[in-house]
There are 2 protein chains.
Amino acid sequence: MGVKEKRAKYREEFRQEILDAARELFINEGYENFSMRKLAEKIGYSATTIYLYFKNKDDLLLAICEEFFGKFSARLNHIRTVSRDPVETLRQAFLYLMDFGLKKPYQYKLIFFTKSVYGSREELVKTESMARATFIVFKEIVQDCIDAGQIKHMEAAVIVDILVAASHGVITKNLYCANFLKERSGIVARTMVDVLLRGLQK
Amino acid sequence: MGVKEKRAKYREEFRQEILDAARELFINEGYENFSMRKLAEKIGYSATTIYLYFKNKDDLLLAICEEFFGKFSARLNHIRTVSRDPVETLRQAFLYLMDFGLKKPYQYKLIFFTKSVYGSREELVKTESMARATFIVFKEIVQDCIDAGQIKHMEAAVIVDILVAASHGVITKNLYCANFLKERSGIVARTMVDVLLRGLQK
DNA sequence: AATTTTTAAATTACGCCGTTAATAATATTC
DNA sequence: GAATATTATTAACGGCGTAATTTAAAAATT
């Protein structure tokens, strides 16, 4: 390995080190209370050094989102290959998203409700991203159900939107609504899934 | 009117003036970009003067939320007295919430996804608030449907949670998801309502 | 009416923040 | 070993929420 490559590798390693610390800080403190200065202290460098590896605070967040969507789309692909019944696959995919949110609400919030890190829709569609890949797998899972004639015939993307929105909603209520009983969130989530899939079936 | 009352009245008027300016600023700039200093400039006073009328930034937000929930619960009560069919009443209540979100997403975000201004559940239940009043009316509307035997028999609060969560979800997708087609948000909202009510019916 | 007391407002200040510009230290290349 | 490129630091700008202090105005008391 040449010197150039070696340096590039160390650079990559350091970048990842920053990213790991950033993820932890983002999740523990939330986007608001995260700060470049705290992150700098955590990694033992000055705040401005971070800017040599990431454009800015939101660029850090984008990298974290891409990490997440990478794992998420892989998981969806796995579910799809293992499970046989289309509707059961869809249910599992849906539940996987919602369970993640119930288990790690602050991480879920960070990824889904913090900033539009992917820019406009045009930008998202143009540049390839793990976020887009995830959406596409999800849509395929829905399309399988439609093709099997098991759910109502409508645009797959609309159904994906509805299911993801439902998950988002349960988690936002969990996060923000004082009146929402945490002990009931499991019930609400499962009922939501049942009611939606029931309503979608022919 | 005595001098004391007069002064109290002027105080109340000024407080409302600040609140009106704050609402506008909060909605136009979002919670992040709202600042006490900007608000101060807008009303032509120094930043610290605001602290004579509101405890802090979040106290301003709480006042704005209470204003909203006051109008919202009144609207729900109105719908309830006008409409006759229980499920139709529920559908209208649900749609009213979601349409508000589609029309004014930033205001919706401000009220529902910004901070837990009402503190913990214990605090919410203890102190009376318009937010709690709204929840109670919503629950009564659902209970009417259950009592009429038109939807599945389950805890009314769970159904309220599901419906409100569904609305929240559609709006969050609208706000944060780059992949979400704005032109489709109307369709997604209406389909969500239909699918949920269909799934909830016996 | 003059003086004391209360109230309202502004100024100053503290410790944060994201980020840029300028500078120093280190490594690489010639 | 000198010149160049890279990496890191320090200093600084303009912003933030808000507490403490100080000034100005109004009201109450004498």
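Chain identifiers are assigned alphabetically (A, B, ...) following the order of the sequence lines, protein sequences preceding nucleic acid strands; residue numbering begins at 1 within each chain.
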A/Lys55 vs A/Ser35, nearer the 5' end of DNA chain C by closest nucleotide: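 With A/Lys55 and A/Ser35 compared, the 5'-side residue is A/Ser35.
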Round to the nearest Å and state the distance from [X] atom [atom1] to [N] atom [atom2].
{"X": "B/Phe26", "N": "D/dC16", "atom1": "CZ", "atom2": "P", "answer": "13 Å"}
{"X": "A/Tyr10", "N": "C/dT28", "atom1": "OH", "atom2": "P", "answer": "10 Å"}
{"X": "B/Glu41", "N": "C/dT11", "atom1": "CD", "atom2": "P", "answer": "13 Å"}
{"X": "B/Leu60", "N": "D/dT18", "atom1": "CG", "atom2": "P", "answer": "9 Å"}
{"X": "A/Tyr45", "N": "D/dT7", "atom1": "OH", "atom2": "C1'", "answer": "9 Å"}
{"X": "B/Tyr51", "N": "D/dC16", "atom1": "OH", "atom2": "P", "answer": "11 Å"}
{"X": "B/Lys57", "N": "D/dA19", "atom1": "NZ", "atom2": "C1'", "answer": "17 Å"}
{"X": "A/Ile50", "N": "C/dC17", "atom1": "CD1", "atom2": "P", "answer": "11 Å"}

Contact class for [X] (heavy atom, under 4.0 Å): base, sugar-phosphate, or nothing?
{"X": "A/Tyr53", "result": "sugar-phosphate"}
{"X": "A/Lys38", "result": "sugar-phosphate"}
{"X": "A/Thr49", "result": "base"}

Sole residue of B/Asp194, B/Asp85, B/Asp99 in salt bridge (charged side-chain N to carboxylate O under 4.0 Å, His left out) with B/Arg91: B/Asp194
Shortest side-chain distance from A/Phe34, nucleotide among C/dT19, C/dG18, C/dA9: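 Closest of the options to the side chain of A/Phe34: C/dG18.
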Worked verdict on B/Tyr10 versus B/Tyr53 for ring pair (Phe, Tyr, Trp, His ring centres under 6.0 Å): CA-CA 12 Å; B/Tyr10 284 139; B/Tyr53 299 86; over 10 Å; no
Between B/Glu67 and B/Gln16, a side-chain donor and acceptor under 3.5 Å: yes
Ring centers of B/Phe113, A/Phe113 separated by less than 6.0 Å: no
A/Phe69 ring center near A/Phe135 ring center (under 6.0 Å): no
Can you check whether any acceptor in the base of [N] is under 3.5 Å from a donor in the side chain of [X], or vice versa?
{"X": "A/Ser46", "N": "D/dT10", "value": "no"}
{"X": "B/Arg37", "N": "D/dG17", "value": "yes"}
{"X": "B/Thr48", "N": "C/dT11", "value": "yes"}

